[in-house]
Amino acid sequence: MVLVSYDISDDKLRTKFAKYLSKFGYRLQYSVFKIENSEHLLSNITHNIENKFSKKFTQGDSVYIFRLTPSCEIIKYGYAKHEDSDVIII
């Protein structure tokens, strides 16, 4: 799993970036997306961020990508504790 967190000051660029990330995962919080990943998918995302978005970022903008392994502990509170992340494909 990958978490992408961002703080982008320009409204138009922030909206475009969020729409881009929504193609691959879903929003956990306003500026945090959860993406179930493969190495190929992560490579494509980082490539597109570097080539399509980073040139438009200002000095105050930031994007963090956290690669989480299956052994990472995730503690949830509030609504998040009811979220079921198991997916069964039949």
Side-chain angles (χ1 to χ4, degrees):
M1 173 178 36
V2 173
L3 292 181
V4 180
S5 174
Y6 58 92
D7 186 7
I8 300 171
S9 57
D10 181 83
D11 292 339
K12 188 174 180 179
L13 181 59
R14 184 176 56 247
T15 299
K16 189 174 182 178
F17 191 72
K19 285 182 182 180
Y20 171 73
L21 292 177
S22 69
K23 295 177 188 177
F24 307 105
Y26 66 95
R27 195 180 293 246
L28 288 178
Q29 294 186 346
Y30 186 74
S31 61
V32 180
F33 276 80
K34 176 181 176 182
I35 300 170
E36 299 295 334
N37 75 311
S38 67
E39 286 301 316
H40 180 69
L41 178 60
L42 181 57
S43 176
N44 284 342
I45 290 171
T46 56
H47 180 266
N48 282 326
I49 290 173
E50 289 172 14
N51 292 312
K52 293 183 180 180
F53 292 100
S54 68
K55 295 172 187 162
K56 299 176 184 176
F57 293 154
T58 66
Q59 288 293 85
D61 296 339
S62 63
V63 176
Y64 288 90
I65 299 175
F66 299 94
R67 297 174 78 179
L68 304 178
T69 65
S71 63
C72 288
E73 179 182 9
I74 300 173
I75 301 170
K76 301 175 184 179
Y77 296 98
Y79 175 78
K81 70 180 179 181
H82 301 293
E83 179 186 86
D84 183 31
S85 62
D86 293 339
V87 176
I88 299 174
I89 300 174
I90 301 176

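Every value quoted in this text rests on a predicted model; they were computed, and no experiment measured them. In this chain, residues are counted from 1 in sequence order.
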Non-hydrogen side-chain atoms of Phe53 and Leu13 separated by less than 4.5 Å: yes
Examine Leu28 and Val2 and state if one hydrophobic cluster contains both, with Ile, Leu, Val, Met, Phe, Trp and Tyr joined whenever side-chain heavy atoms are less than 4.5 Å apart. no
Donor-acceptor pair, Arg14 side chain versus Ile8 backbone, under 3.5 Å? yes
Can you list the other members of the hydrophobic cluster that holds Tyr30, where links are side-chain heavy atoms under 4.5 angstrom apart? none
Between Lys34 and Glu36, does at least one N-O distance fall below 4.0 Å, as a salt bridge requires? yes
Tell me, please, which residues at least two apart from His47 pass side chain to side chain contact (heavy atoms under 4.5 Å, CB included). Asn51
Going hydrophobic residue to hydrophobic residue with side-chain gaps under 4.5 angstrom, can you get from Leu42 over to Val4? yes
Sequence neighbours left out, what passes side chain to side chain donor-acceptor pair (under 3.5 Å) with Ser9? Give chain and number order. Asp61
From CD1 (Ile45) to CD1 (Ile35), nearest 0.5 Å: 4.0 Å
Nearest 0.5 Å, what's the OG-CG distance between Ser38 and Asn44? 8.0 Å
Can you list the residues that meet the side chain to side chain contact (heavy atoms under 4.5 Å, CB included) rule with Asp7, with sequence neighbours excluded? Ser62
Is there a side-chain contact between Leu3 and Tyr64 (heavy atoms, below 4.5 Å)? no
Which residues pass the salt bridge (charged side-chain N to carboxylate O under 4.0 Å, His left out) test with Glu39, sequence neighbours left out? Arg67
Side-chain contact test, heavy atoms from C-beta onward, threshold under 4.5 Å: evaluate it for Thr46 versus Ile65 and give yes or no. yes
List, one per line, each side-chain donor-acceptor pair under 3.5 Å for residues 15-25, sequence neighbours excluded.
{"unit_1": "Thr15", "atom_1": "OG1", "unit_2": "Asp11", "atom_2": "O", "d": "2.9"}
{"unit_1": "Tyr20", "atom_1": "OH", "unit_2": "Asn48", "atom_2": "ND2", "d": "2.9"}
{"unit_1": "Ser22", "atom_1": "OG", "unit_2": "Lys19", "atom_2": "O", "d": "2.7"}

